[in-house]
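Just below is one structure, and these are the notes that go with it.
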Amino acid sequence: MQLNRIEQLLKQTMGLNAASIGSSAIQRAVRERMRRTHIDDSERYRQRLETSPEEIHELIELVVIPETWFFRNWHPFQALKQHLERHWLPRHGERGLRLLSLPCSTGEEPYTLAMVLADLGLEPGRAEVHGVDISRRNIDSARLGIYRQNSFRGDHLEYRDAYFHHAEDRYHLRPDIRERVRFEQGNLLDPDFSRDRAPYDIIFCRNLLIYFDRPTQDQAVDILERLLTRDGLLFVGHAETGVLAGRGFRSLNLPQSFGFQRETLMAGEPAPSTARTRPVRRTRRTPVRPRRQPRPHWIDQKEQAVPAPPQNAADPGVEQLEQATRLADDGHLVEAAELCEQILQAQGPQAQALYLLGLIRDAAGEPEEAEQLLRQAIYLDPAHCPAMLHLALVLERRGEALAAQRMQERLERCQQREAANPT
Ligand SMILES: C[S@@+](CC[C@H](N)C(=O)[O-])C[C@H]1O[C@@H](n2cnc3c(N)ncnc32)[C@H](O)[C@@H]1O
């Protein structure tokens, strides 16, 4: 199969780094498109892709990961509400507020923003919320505003009673909230998307950068910077904070909000949060494999069977990682996760911190988040056996037997290599 060239095409078009979802997922999508287009030769299918933007789009529809839910991670929305109440609204008088959710997937994130604005008592005419996603199907579904149980997760579900009407196993969003959001199909990396677009005061770009490689992440951050007002806020996903390291952003320092603002606010300008962090340092961009990998005690017994790699105290961040591991061992998962975030923010993507954060998210009942983090850890460190083992467990629990088995086989190969070349 012409998989390499097809993976390249997907990368050029949408930025997808095949390693982030695995070549087998792309292969499955290609097979499905070949079946539906009645093309049985992969070379012919590749040619079709090269000449047909429509076919590329159909393939994109099959490789995107639409995973999302209302008030995902909760804290960013609390931070946003606080920022608007305390800083933006008093400072900007009657000026209109512009918010962007990109990628918005099936609409849960931008509608959550609309609910936050409604809770604040902001008139619909006072704020524009735009939801953008590369997938046409996601955008069509977002426009409907009808959801299943799976879009509501976690403990804080009061908003569901307030803003949805339940009928025949579906939750229908109230029209006044639906009308606050304007949806549009768009590709962040397409120059036409950002050209001549007025900047946004708030951008939610969560769980997109994890699917890009480092150069594409940098390109995406350049675009997001251009799309953000001078004192705007940028929210990214928890595994993505490291991408902003050294890019002139500072954290809002509100726990687990993963919100950022430019470092270069003018002197005397009030910061959006009371707490100020030290500037993010640009450190190494190339990910390193920490040789010492502290292991939490609270992970599955099965996993304990994997030998820990040898230790080397000279590696950067090791002390902080050890501290995060100790915190996790003692059951302080929130603090441990925060420390991992700080490490990622200060040092950029780092396999061991992502791995530990993946374990914490899994322990906190967030297996999808855990999976993304563990995949990233393995991408950065293809010999990270503990991450492979835990990912295999996550996949197995989710009933993805084949994917779990493949990961287990990869782990075994990795262990054999380690046994043959002990360091
Ligand atoms: C995991 S969802 C994230 C949704 C939401 N931001 C969240 O965090 O819950 C990822 C979405 O990114 C979209 N996507 C992938 N590449 C994109 C691109 N280059 N431009 C815009 N959207 C993209 C996919 O269609 C998918 O819906």
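Ligands are counted one by one from 1 in listed order, and the atoms in each one are counted from 1 as well. Everything numeric in this text was worked out from a predicted model, so none of it was measured.
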Would one find more than 12 heavy atoms of other residues, nucleotides or ligands at under 6.0 Å from atom CG of D169?
-> no

Evaluate whether atom CD of E123 has more than 12 neighbouring non-hydrogen atoms of other residues, nucleotides or ligands under 6.0 angstrom away.
->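 Count not over threshold, so no.
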
Test item: [X] side-chain N/O and [Y] main-chain N/O as donor-acceptor pair under 3.5 Å:
X: Y111; Y: T106; value: no
X: E338; Y: Q256; value: no
X: D201; Y: R98; value: yes

Would you mind checking which non-hydrogen protein atom is closest to [atom], with the distance to 0.1 Å?
atom: atom 1 (C) of ligand 1; result: I65 O, 3.1 Å
atom: atom 22 (N) of ligand 1; result: I134 N, 3.2 Å
atom: atom 9 (O) of ligand 1; result: T68 OG1, 2.6 Å
atom: atom 27 (O) of ligand 1; result: D133 OD2, 2.8 Å
atom: atom 20 (N) of ligand 1; result: L188 N, 3.1 Å

Do the side-chain N and O atoms of Y379 and N17 include a donor-acceptor pair separated by under 3.5 angstrom?
->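 The answer is yes; a qualifying pair exists.
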
Using distance alone, with no hydrogens and no angle criterion, decide if E109 and T68 have a side-chain donor and acceptor under 3.5 Å apart.
-> no

Tell me which part of [X] gets within contact of ligand 1: side chain, backbone, both or neither, using heavy atoms under 4.0 Å.
X: R206; result: both
X: R72; result: side chain
X: N207; result: both

Find out whether Q350 and L344 are in side-chain contact, i.e. whether some heavy atom of one side chain is under 4.5 Å from a heavy atom of the other.
->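 In contact.
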
Identify which of P103, G107, P66, C205 has a heavy atom lying nearest to atom 6 (N) of ligand 1.
-> P103

Counting heavy atoms only, name the option from G186, S101, C104 that's nearest to atom 21 (C) of ligand 1.
-> G186

Ligand-side contact atoms (ligand 1) for residue partner [X], heavy atom cut-off under 4.0 Å:
X: V64; result: 24 (C), 25 (O)
X: N138; result: 25 (O), 27 (O)
X: E109; result: 5 (C), 6 (N), 7 (C), 8 (O)
X: S135; result: 25 (O)

Please determine if [X] has a nitrogen or oxygen closer than 3.5 Å to a nitrogen or oxygen of ligand 1.
X: Q372; value: no
X: L208; value: no
X: N187; value: yes

Proximity of F152 and F70 rings by center, below 6.0 Å | yes

So, does A220 sit close enough to ligand 1 that a heavy atom of it is under 4.0 Å from the ligand?
-> no

Where do L359 and D362 land on the side chain to side chain contact (heavy atoms under 4.5 Å, CB included) test, with the steps shown first?
-> CA-CA 5 Å; L359 297 185; D362 194 33; 5.7 Å; no

Please say which of R91, H87, Q261 ends up in a side chain to side chain donor-acceptor pair (under 3.5 Å) with D231.
->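 Result: among R91, H87, Q261, R91 is the only option passing the side chain to side chain donor-acceptor pair (under 3.5 Å) with D231.
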
